[in-house]
There are 2 protein chains.
Amino acid sequence: MPGHHPARSRRPTERKGDVRERAILDTCEALLAQKGHDAITVGDIAEGAGITRGALYFYFGSKQEVVTALVARTVEHLWERSRATAKTDEPRQAIAAAMQRTVELWNEHGPVMRTAIDLSLTVPEIGELWSHTADLFTEAITAVLERAGVQAGTEPDQASAMARALCWMIERTFYHASQEAREKLQKASSTCEHIWLTSAGLTA
Amino acid sequence: MPGHHPARSRRPTERKGDVRERAILDTCEALLAQKGHDAITVGDIAEGAGITRGALYFYFGSKQEVVTALVARTVEHLWERSRATAKTDEPRQAIAAAMQRTVELWNEHGPVMRTAIDLSLTVPEIGELWSHTADLFTEAITAVLERAGVQAGTEPDQASAMARALCWMIERTFYHASQEAREKLQKASSTCEHIWLTSAGLTA
DNA sequence: ATAAAAATCGACGTCGTGTAGAGTTTGAGG
DNA sequence: CCTCAAACTCTACACGACGTCGATTTTTAT
């Protein structure tokens, strides 16, 4: 995505364009916090970044490419943090940690996450990114369920299938909660955690 | 939504326009089964309905109004069927019946349901329709949970909040499943049912 | 049969997108 | 310091989709 001229990434000094590129993505993220992505015009983004429409098309081939790059940036951040989290073997701790991480991510990047979900069907690249993320999450949930004693397997009442459904539950619940007040995210998180625990057979 | 000329609904003979209006909605639904709503053009719909763009604007003020009307039609069908379902007091039966009904609805109108969800944020009218539907569903789930012994209340681990999360889980799971093969819906339904039962404390 | 209401059409103005080509700035090497 | 190519920026244009308008034809009621 970095301009049409490859091999610019590893330069000693930071090119002016790198700054612009970041400014474009930052502006886009800021705008997404205000209006829906289809209410945003390329002119808006360019203006916010301090350049003209024409100049923006030097960096990105289209509006979709801009938001795709933004989603990619955010999702990579998410993956990083996932890897950085210490793996605990104890199910209850693992669940609590995962939910806490999720709250933080949605607090920081709610609008981008929502946009990613909205566009994951219409923009294949974003769909790819997001479904991969969902897979990672689902695998993590599956592992916890199995460790807690749920039978492994893909049948409707076994770990894999249940993890999928729980993943969607969390996604959707946070999606809605992140549109409202900040404390809603905490409550939503608690509810999801409770259902997750119950599904794992770990009734408090 | 019936044209710009109100009070046409209750007429002895069916106006030509009523047929056209239905044709437009039917065409729109058919198209939604093929492409995403933003890949559909007003010209496409008009052509499918056998009229020109100009004529379509006699019936609906905009493309959004068309799809809003379509969603309204579908959602009303959904409400009707909900009311028609006999209320059982036995939680297990109630859950099974609700899920069965949901499978049928998504089988028949999957593309419209997905579109409604996609647009419920950007189109306020659709948002209204869908959130009302979700509320009905959530209330029903809440009732079942309480009858099964879950403590009533809105705290994160009480019936209302759990019902909300379960509602989103079902919505999202069906949303994804309905894009794939028909049998996926059945499996998805079984998984949701299992989690619902578990959350209600009704472990098989 | 006729006049009002309903329905249809083609042409037009607007807005947002993406492209093209011309011009300006930057910085590495002579 | 000069030069030249790459990096960057801009204005102008072409296109497609939307929604509007006024003229015209078809239906319907009486």
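Naming convention: chains lettered A, B, ... in sequence-line order (proteins, then strands); numbering from 1 in each chain. Note: hydrogens, waters and symmetry copies are ignored here, and every other heavy atom, side chains too, is used.
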Check: A:Ser189 side chain, A:Leu185 main-chain N or O, donor-acceptor pair, under 3.5 Å: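 Side chain of A:Ser189 to backbone of A:Leu185, a donor-acceptor pair under 3.5 Å: no, none is there.
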Whole Å only: how far is the [atom1] atom of [X] from the [atom2] atom of [N]?
X	N	atom1	atom2	answer
A:Lys63	C:dG18	NZ	P	8 Å
B:Arg15	C:dA7	CZ	P	6 Å
B:Phe60	D:dC18	CZ	P	15 Å
A:Asp18	C:dT26	CG	C1'	14 Å
B:Tyr57	C:dC12	OH	P	18 Å

pair B:Leu121-A:Gln179: side-chain heavy atoms closer than 4.5 Å: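 Yes, close enough: below the 4.5 Å cut-off.
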Should B:Asp157 and A:Glu193 count as side-chain neighbours, where that means a heavy-atom distance under 4.5 Å?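 SC-SC contact between B:Asp157 and A:Glu193 ruled out.
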Starting from the C-alpha separation in whole Å, work towards a yes-or-no answer on side chain to side chain donor-acceptor pair (under 3.5 Å) for B:Arg164 and A:Thr191. CA-CA 9 Å; B:Arg164 248 295 115 93; A:Thr191 304; over 6 Å; no
For DNA chain C, what residues of residues 34-49 of chain A have any heavy atom nearer than 4.0 Å?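 Contacting residues: A:Ile40, A:Thr41, A:Val42.
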Short N/O separations, protein against nucleotides 8-10 of chain C, under 3.5 angstrom:
unit_1 : atom_1 : unit_2  : atom_2 : d
C:dT8  : OP1    : B:Arg20 : NE     : 2.6
C:dT8  : OP1    : B:Arg20 : NH2    : 3.2
C:dT8  : OP2    : B:Tyr59 : OH     : 2.6
C:dC9  : OP2    : B:Thr52 : N      : 3.0
C:dC9  : OP2    : B:Thr52 : OG1    : 3.2

Pair A:Lys187 + A:Glu180: basic N to acidic O under 4.0 Å: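 A salt bridge is absent here (no side-chain N lies under 4.0 Å from a carboxylate O).
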Salt bridge check: are B:Arg73 and B:Asp26 linked by an N-O gap of less than 4.0 Å?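 Salt bridge present between B:Arg73 and B:Asp26.
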Should the ring pair B:Trp106 and B:Phe174 be called parallel, tilted or perpendicular, given that the plane angle runs from 0 to 90° and is split at 30 and 60?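 Rings of B:Trp106 and B:Phe174: tilted, 30 to 60°.
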B:Glu47: side-chain contact (heavy atoms from CB on, under 4.5 Å) partners, not counting sequence neighbours: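 Partners of B:Glu47 under the side-chain contact (heavy atoms from CB on, under 4.5 Å) test: none.
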